[in-house]
Number of protein chains: 2
Amino acid sequence: MSKLKPADISPELHSDNVLTEFTLQALLGYQIKRAYNHVQNDLSETLAAFDLRVLTFTALVMIKENAGTSQSKLANALQIERPNLVAIIDELENRELIVRERVVHDRRAYSLVVTKTGSQLCVSALNAVKAHEKNMFSCLTAADKKALTKMMLRIRQNNEL
Amino acid sequence: MSKLKPADISPELHSDNVLTEFTLQALLGYQIKRAYNHVQNDLSETLAAFDLRVLTFTALVMIKENAGTSQSKLANALQIERPNLVAIIDELENRELIVRERVVHDRRAYSLVVTKTGSQLCVSALNAVKAHEKNMFSCLTAADKKALTKMMLRIRQNNEL
DNA sequence: TTTATATGTTATACTTCATAATGATTATTA
DNA sequence: TAATAATCATTATGAAGTATAACATATAAA
């Protein structure tokens, strides 16, 4: 059986309006990326209501949970460079959500602590984020989410250590 | 029973060297983000061996699969702005991995097609990416991966339409 | 005491990403 | 048909995110 050849081989535009992506769809990493993009975008919108960017929010959460930490350690935890954390801490301090306190036995470093306002905003924002997650993952069962969490942790541990 | 108070309430540095992230770890989106970061980084390294960035690679794959498409449609599929695609297509063309062919019935648009070299590089890079995925997700069973793919698709469909 | 290292900061550059505007071409519509 | 609008690729440009070098101050190590 001979293969049929296209009758017209002159350059033409691909006729379909939407492209196929069979090759990429076969890649698990691609599926995760596309799904995560939605989560990320919706999270950004959610936090925008509190005038917070994702990174600023995570910084606030981490400072609240790790009261008294330094910018150096925080930058490490957030996986960003120290210089880039300065502006974030500046903003949080200007908005009086945290304070930079001087450390007695180490006058190089600051001790970062959330204020009462900061703590309250943190709670409100966190509630909004939980609602956002409930909505984003409404298509998953509780068992799904549990399994998904375990898989993500496994991937992380598989490549972090 | 009275609660014990810390003996010293003067500002001190958080004593632990590594910060906890209990609050963030309770968020599924955060788990996905952290896991995906590893995948993304390893993918970048994998493609660097072919002198390809992730976006350039996906563009090449999409052009191969959708021979004759236009830059406009491709930008749409890649979810980037048309102006930002120009440099990518320029690079692919300069490396003779694709060609911009003029379209007969529409002299505004180009018809993008992979060259033989481009097709071959695409195959090689794709094999490397498959190996990368096999390695990255070696901690997951086949059933895990299948379930994960389904979940990601569900999230995507839940928020795309 | 000398040297090395850590902290926060500034300055800077590079990359990524988004928008406005333009020339050429095609599609629409009056 | 003529006038208007829309489309395609492109340039220029700016905003935002990210990475590096260098510095002053302070602590730790030799």
Side-chain angles (χ1 to χ4, degrees), chain A residues 11-15 17-19 33 37 40-41 43-44 47-48 51-59 63 66 68-94 98-113, chain B residues 11-15 17-19 33 37 40-41 43-44 47-48 51-59 63 66 68-94 98-113:
Chain A
E12 278 188 13
L13 274 184
H14 189 84
S15 51
N17 261 334
V18 167
L19 307 191
K33 181 202 182 87
N37 277 349
Q40 206 174 20
N41 291 338
L43 177 63
S44 293
L47 290 173
D51 215 347
L52 289 170
R53 285 176 308 128
V54 178
L55 204 51
T56 317
F57 167 72
T58 52
I63 293 170
N66 299 273
T69 193
S70 68
Q71 294 183 201
S72 209
K73 287 177 189 166
L74 182 57
N76 226 43
L78 298 179
Q79 298 188 122
I80 63 174
E81 299 302 317
R82 272 148 314 218
N84 296 330
L85 181 58
V86 176
I88 296 171
I89 299 298
D90 280 349
E91 190 203 325
L92 286 174
E93 194 176 38
N94 289 336
I98 67 163
V99 287
R100 278 192 251 230
E101 292 182 341
R102 271 294 169 199
V103 180
V104 274
H105 58 283
D106 187 342
R107 281 159 48 200
R108 291 171 299 184
Y110 289 116
S111 168
L112 305 176
V113 184
Chain B
E12 278 187 14
L13 273 185
H14 189 83
S15 51
N17 262 335
V18 167
L19 306 191
K33 182 203 182 86
N37 277 349
Q40 207 174 19
N41 292 337
L43 177 62
S44 294
L47 290 173
D51 214 348
L52 289 170
R53 284 177 310 128
V54 177
L55 203 52
T56 317
F57 168 71
T58 53
I63 293 170
N66 298 274
T69 193
S70 68
Q71 294 183 200
S72 210
K73 287 176 189 167
L74 182 57
N76 226 42
L78 298 179
Q79 296 186 124
I80 63 174
E81 299 303 316
R82 272 146 315 222
N84 296 330
L85 182 58
V86 176
I88 296 171
I89 299 299
D90 281 349
E91 190 203 324
L92 286 173
E93 194 175 39
N94 289 336
I98 68 163
V99 285
R100 280 191 250 230
E101 291 182 341
R102 272 292 170 199
V103 180
V104 271
H105 58 284
D106 189 343
R107 281 158 46 199
R108 292 170 299 183
Y110 290 116
S111 169
L112 305 176
V113 185

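Residue numbers begin at 1 in each chain, while the letters A, B, ... track the order of the sequences.
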- Task: Rounded off to whole Å, could you give me the CG-to-P distance for the B:L85 and D:dC8 pair?
- Result: 13 Å

- Are OP1 or OP2 of D:dT7 and a side-chain N or O of B:Q71 less than 4.0 angstrom apart? no

- Can you find an N or O donor on one side and an acceptor on the other, under 3.5 Å apart, linking the side chain of B:R108 with the base of D:dA9? no

- For A:E81 and C:dC14, what is the distance between atoms CD and P respectively, to the nearest whole Å? 17 Å

- Query: How many Å lie between CD on B:E101 and P on D:dC8, as a whole number?
  - Reply: 18 Å

- Task: Using a cut-off of strictly less than 4.0 Å, decide whether A:S72 has a side-chain nitrogen or oxygen near OP1 or OP2 of C:dT7.
- Result: yes

- The reported gap from CG in B:L92 to CG in B:L52 (rounded to nearest 0.5 angstrom) is 7.5 Å

- Message: A quick test of your reading: do over 12 heavy atoms of other residues, nucleotides or ligands sit less than 6.0 Å from CZ of A:R100?
- Response: yes

- Message: Checking contacts here: which listed nucleotide (C:dG8, D:dA9, C:dT26) is nearest the side-chain heavy atoms of A:Y110?
- Response: C:dG8

- Item | Spacing of B:I88 atom CD1 and B:T56 atom OG1 [to the nearest 0.5 Å] | 5.5 Å

- Note on the structure: Assign each of B:I89 and A:L55 the nucleotide of DNA chain D bearing its closest heavy atom; nearer the 5' end lies the nucleotide of B:I89

- Length of the CG-C1' vector between B:L78 and C:dA18, whole Å: 16 Å

- Item | Spacing of A:D90 atom CG relative to C:dT9 atom P, expressed in whole Å | 6 Å

- Do any side-chain nitrogens or oxygens of B:R53 fall under 4.0 Å of OP1 or OP2 in C:dT16? yes

- Note on the structure: To the nearest 0.5 Å, atom CZ of A:R108 lies from atom CZ of A:R102 at 11.0 Å

- Query: Can you check the A:R82 CZ to C:dT12 C1' distance for me, whole Å?
  - Reply: 17 Å

- On DNA chain D, check which nucleotide each of B:P83 and A:Q79 is closest to and give me the residue with the more 5' one. B:P83

- Message: Please determine whether a side-chain nitrogen or oxygen atom of B:R100 lies at a distance below 4.0 Å from atom OP1 or OP2 of D:dT10.
- Response: yes

- Rounding to a whole Å, what distance do you find between B:R107:CZ and C:dA27:C1'? 15 Å

- Message: What is the separation between atom CD1 on A:I88 and atom P on D:dA19, rounded to the nearest whole Å?
- Response: 12 Å

- CG/A:L74 to CD1/A:I80 distance, rounded to the nearest 0.5 angstrom? 7.0 Å

- Item | Presence of donor-acceptor pair under 3.5 Å, side chain of A:D106 and base of D:dA26 | no

